[in-house]
Undergrad: 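The structure's right below; bear with me while I get my questions together.
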Amino acid sequence: MSIHFKRRRVMAPDIAARKGGEPIVALTAYHAHTAAIADNHCDFLLVGDSLGMVMHGHETTVPVPLELMIMHGQAVVRGSKRALVVIDMPFGTYEESPSIAFRNSAKVMKATDCGAVKLEGGRRMVETIRYLVDRGIPVMAHIGLTPQSVNVIGGFKTQGRSANEWHAIEEDARLVAEAGAFAVVLEAMAAPLAERITKSIPIPTIGIGASPCCDGQILVMEDMLGLSPEVPKFVKKFGSIGVSIDRAIGAYAREVRARTFPAAEHTYTLKDDGESGVATSIRATKKPKTPST
Ligand code: KIV
């Protein structure tokens, strides 16, 4: 091995070391030019499988193939210089066994030179997370609302809005941390639960529709720029006509670091507050059909 390791990017252990520190700023990125802009403001860029909905018009993330993640991942790595690039493993490429997960994650890392992969699932992914980390693949976990399971869940439903759901979700968080994940995304879950998890596990939590107490925040870039036709309540639109993408992302980064985003109106409370528990418009690409009379 040559010792001339020129370190130019944030790496997974740098993100892990930010637990309890200055909030971690993250956005999704799917192509080179927006990645270059977000790179100036973000600690990591996620090539999310939400690209299937945002870029390619699918109704869920389920149809996304590995090759598409690789193509967009290559673009984001080329476009960025500093931020850690994390790539989502799409549905069907990692659930079957740890060895299949390793083969496909290694393919993604070799083809893109990204710094980590992300997998959805809590306790059911523990063996896989450990297997990948032991073999050199940094893993970000993803619990709460896991959109790849939309067909089992029955919609993009907010999680943990009844206290009796909390134990299972807290266990998911504890177990993925124990298995070696360097961070965990908490998606669309009641804010008090996200706060409890953040205080109880040793790895950074990255909230999306979770809590300002999380160790970091992420949003889908097109949602926060105001480019998506519909967005869930946890999105704040930082972009509008006349505001440059750089200014909009800069404003987002400042608000995350100051913990003024997400505000109360971007988070979910416990049930019985009259609020819908369904985050149906998460990255929706189409308006819901009006039933014909
Ligand atoms: O695919 C995606 O964009 C994600 C974020 C919502 C965290 O997983």
Side-chain angles (χ1 to χ4, degrees), residues 15 24-31 34-35 38 42-66 68-73 75-76 83-94 108 114 116-122 125 139-150 153 156-159 172-173 176 181-189 194 204-211 214-225 227-228 230-236 252 256 261-262 266-268 279-285:
I15 298 292
I24 297 161
V25 180
L27 280 174
T28 63
Y30 313 128
H31 80 293
T34 49
C42 293
D43 300 299
F44 76 87
L45 301 175
L46 171 70
V47 185
D49 60 353
S50 52
L51 66 81
M53 302 168 78
V54 175
M55 303 287 292
H56 297 274
H58 291 297
E59 292 200 349
T60 72
T61 56
V62 171
V64 174
L66 192 67
L68 199 61
M69 298 307 301
I70 289 176
M71 283 183 71
H72 286 280
V76 170
L84 170 70
V85 176
V86 182
I87 301 186
D88 258 346
M89 294 305 293
F91 178 69
T93 64
Y94 63 95
V108 167
C114 70
V117 299
K118 177 163 80 60
L119 307 178
E120 292 186 8
M125 278 301 131
V139 178
M140 179 176 284
H142 181 154
I143 64 168
L145 173 59
T146 48
Q148 291 175 10
S149 303
V150 61
I153 301 167
F156 295 115
K157 292 183 182 157
T158 312
Q159 305 293 299
D172 280 343
V176 296
F182 70 92
V184 56
V185 169
L186 308 182
E187 179 164 357
M189 73 168 61
T205 58
I206 311 295
I208 173 164
S211 162
C214 289
D215 298 294
Q217 303 292 333
I218 188 164
L219 283 177
V220 168
M221 190 191 293
E222 282 69 7
D223 288 353
M224 56 77 72
L225 289 178
L227 299 174
S228 303
E230 284 182 83
V231 291
K233 75 167 250 173
F234 58 70
V235 173
K236 176 171 174 180
Y252 164 72
V256 169
F261 175 78
H266 307 118
T267 63
Y268 299 94
T280 39
S281 61
I282 287 180
R283 292 172 251 111
T285 51

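When a ligand or atom number is given, it counts from 1 through the structure's own listing order.
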Undergrad: Give the numbers and elements of all ligand 1 atoms closer than 4.0 Å to a heavy atom of Leu46.
TA: 2 (C), 4 (C), 5 (C), 7 (C), 8 (O)

Undergrad: I'd like to know if the side chain of His266 pairs up with that of Lys236 as donor and acceptor (distance under 3.5 Å, no hydrogens or angles considered).
TA: no

Undergrad: Just distances here: any N/O of Thr28 and N/O of ligand 1 closer than 3.5 Å?
TA: no

Undergrad: Counting distance only, does the side-chain N/O of Gln217 pair as donor-acceptor with the main-chain N or O of Ser211 below 3.5 Å?
TA: yes

Undergrad: Could you list which atoms of ligand 1 come closer than 4.0 Å to a heavy atom of Glu187?
TA: 6 (C)

Undergrad: Within ligand 1, which atoms have a heavy atom of Gly48 less than 4.0 Å away?
TA: 1 (O), 2 (C), 3 (O)

Undergrad: Would Asp49 count as being in polar contact with ligand 1, using the rule that some N or O on each side must be under 3.5 angstrom apart?
TA: yes

Undergrad: Can you check whether Ile143 reaches Leu186 side chain to side chain, under 4.5 Å on heavy atoms?
TA: yes

Undergrad: Which ligand 1 atoms does Ile208 reach within 4.0 Å, using its non-hydrogen atoms?
TA: 6 (C)

Undergrad: For the residue pair Asp88 and Gly48, what are the closest heavy atoms and their distance?
TA: OD2-CA, 3.2 Å

Undergrad: Hey, which atoms in ligand 1 end up nearer than 4.0 Å to a heavy atom of His142?
TA: 8 (O)

Undergrad: Under a 4.0 angstrom heavy-atom cut-off, which atoms of ligand 1 come close to Lys118?
TA: 4 (C), 8 (O)

Undergrad: Does Tyr30 offer a backbone N or O that forms a donor-acceptor pair with the side chain of His72 under 3.5 Å?
TA: yes

Undergrad: Looking at Glu120 and Gln148, would you say the former's side chain and the latter's main chain have a donor-acceptor pair under 3.5 Å?
TA: yes

Undergrad: If you measure from each heavy atom of Glu120 to ligand 1, is any distance below 4.0 Å?
TA: no

Undergrad: List every atom of ligand 1 that sits less than 4.0 Å from any heavy atom of Asp88, numbering the atoms from 1 in the order shown and giving each element.
TA: 1 (O), 2 (C), 8 (O)

Undergrad: Within 45° of the axis and under 6.0 Å from the centre of the six-membered ring of Tyr268, does NZ or CZ of Lys233 qualify?
TA: yes

